[in-house]
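Okay, so here's the structure we're looking at.
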Amino acid sequence: MILGDLAEVQMGYPFRSRVEHDPRGTVAVVQMKDMDDAGLLQADEAIRVVLPPGKDHHLLRPGDLLFRSRGRSNGAALVAEGIGRSVLAAPMLLIRPHRVLPAYLCWYLNAPATQAQLSALSEGTSVRMISAEALKALDVPLPSPAVQQRIVQAATLADREQSLMARIATLRQRLTDHILMNNVHLSAKRATP
C-alpha cells in the first residue's frame, strides 16, 4: 500500500513570519530543531504562541508522526501521550495514521532501507527536501496488526539493548580509567623514598 492510503499527510502549520515566543502562549510550536537525529521529540523548550481561533484542528494528537522533510536526515518522531497543546510548524510534515499502527509506521519510516528510499525521493541541490506528495506515494508494506505490534516490540527491545550496551561501555571505560589511575598513584607512592 502507499502511505497516502494509510495516513493523512499534510504540511505543518504555516506561520506567516518568523515564530516568536509569546509569554501568554498556550500552544507549543514544534520545529525541526525540536527533533533529534534519533527521531526523539525534545519539545520541552519549544517556543510558545497563541494560536488564532478556529485552528485547533492543527493541534498534535498522540499517535501523530512528525516528519522532517528537509535536511540531511528525514526521520519521523512519534507523538506520545502528554504532548500538551502543540502544533507542528512548516516545513515539517504531519502524518496522521488511520489504517496502520503509528509506532510501526514510525519504525518503518526510520528504518535504514526506507531512509535510503526517501533519500532517492528528495529534491533540491543545496537543501534536500521531500514533498508531501512524494511521501504519500511511498510504498509501505502492511502486515497484520499483530505482526506490526511484534515488530514494534522487537525494535523497542533492540533500541533498549543498544542503549544498555553503550552505557556498559561507558561504565567499563570509567572503571578501567579508575583502576589505571589508582595504579599510577600507588606506583608513585612506592617509588617515593
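If you're wondering where the values come from, they're calculated on a predicted model, not measured in any experiment. Here, residue 1 is the first one in the sequence, and each next residue gets the next number.
In this structure, V184 and L180 have side chains that are not in contact, with every pair of non-hydrogen atoms separated by 4.5 Å or more. For the pair Q153/R150, a side-chain contact is recorded, criterion being any heavy-atom separation below 4.5 Å from C-beta on. Side-chain contact between L93 and L66 is absent, with no heavy atoms from C-beta onward closer than 4.5 Å. With a 4.5 Å cut-off on side-chain heavy atoms, Q148 and I151 do not count as touching. Using a 4.5 Å heavy-atom cutoff, the side chains of Q149 and L101 are in contact.
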Item checked: Evaluation steps, side-chain contact (heavy atoms from CB on, under 4.5 Å), between K136 and L3 -> CA-CA 5 Å; K136 286 178 189 177; L3 182 58; 5.5 Å; no

Check: What do the steps show when you test R99 against M1 for side-chain contact (heavy atoms from CB on, under 4.5 Å), and what is the final call?
Finding: CA-CA 10 Å; R99 293 185 57 198; M1 294 199 111; 3.4 Å; yes

Checklist line | Evaluation steps, side-chain contact (heavy atoms from CB on, under 4.5 Å), between L94 and M11 | finding: CA-CA 6 Å; L94 173 63; M11 184 67 72; over 6 Å; no

Next item on the list: Kindly determine whether L138 and I130 satisfy side-chain contact (heavy atoms from CB on, under 4.5 Å), including the steps that lead there.
Entry: CA-CA 11 Å; L138 180 71; I130 297 175; over 6 Å; no

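With values rounded to the nearest 0.5 angstrom, Q10 atom CD is found 9.0 Å from L88 atom CG. Between atom CD1 of residue I95 and atom CZ of residue F67 there is a gap of 6.0 Å, rounded to the nearest 0.5 Å. Of the inter-residue distances, the one linking M181 atom CE with L186 atom CG reads 12.0 Å to the nearest 0.5 angstrom. For the atom pair T170 OG1 and L175 CG, the distance stands at 12.5 Å (nearest 0.5 Å). Distance CE/M92 to CG/D34: 8.0 Å, rounded to 0.5 Å. Between L118 atom CG and L135 atom CG the span is 6.5 Å, to the nearest 0.5 Å.
Between the side chain of S122 and the main chain of R128, no donor-acceptor pair closer than 3.5 Å is present. With D64 contributing its side chain and R96 its backbone, the two residues share no donor-acceptor pair below 3.5 Å. With S163 contributing its side chain and D159 its backbone, the two residues share no donor-acceptor pair below 3.5 Å. N110 places a side-chain N or O within 3.5 Å of a backbone atom of A76 that can act as its donor or acceptor partner.
In terms of heavy-atom proximity, P141 sits nearest to Y104 at O-OH, 2.7 Å. Across all non-hydrogen atoms, the minimal contact from M35 to A77 is SD-CB, 3.6 Å. Nearest approach of Q31 to A89, heavy atoms of both residues: CG-CB, 4.1 Å. The shortest heavy-atom contact between C106 and L78 is SG-N, 3.8 Å. Contact between Q115 and L109 at its shortest, heavy atoms only, is NE2-O, 2.7 Å. Among all heavy-atom pairs drawn from P97 and G63, the shortest one is CD-O, 3.4 Å.
I2 and L6 are members of different hydrophobic clusters when ILVMFWY side chains are connected at heavy-atom separations under 4.5 Å. L121 and M129 fall into different hydrophobic clusters, where Ile, Leu, Val, Met, Phe, Trp and Tyr side chains are chained together by heavy-atom contacts under 4.5 Å. V140 and V147 fall within a single hydrophobic cluster, where Ile, Leu, Val, Met, Phe, Trp and Tyr side chains are chained together by heavy-atom contacts under 4.5 Å.
If you chain together ILVMFWY residues whose side-chain heavy atoms come under 4.5 Å of each other, L59 ends up grouped with Y13, F15, V19, V27, V29, I47, V49, L51, V87.
Counting heavy-atom neighbours within 6.0 Å of H21 NE2, excluding the residue itself, gives a total above 12.
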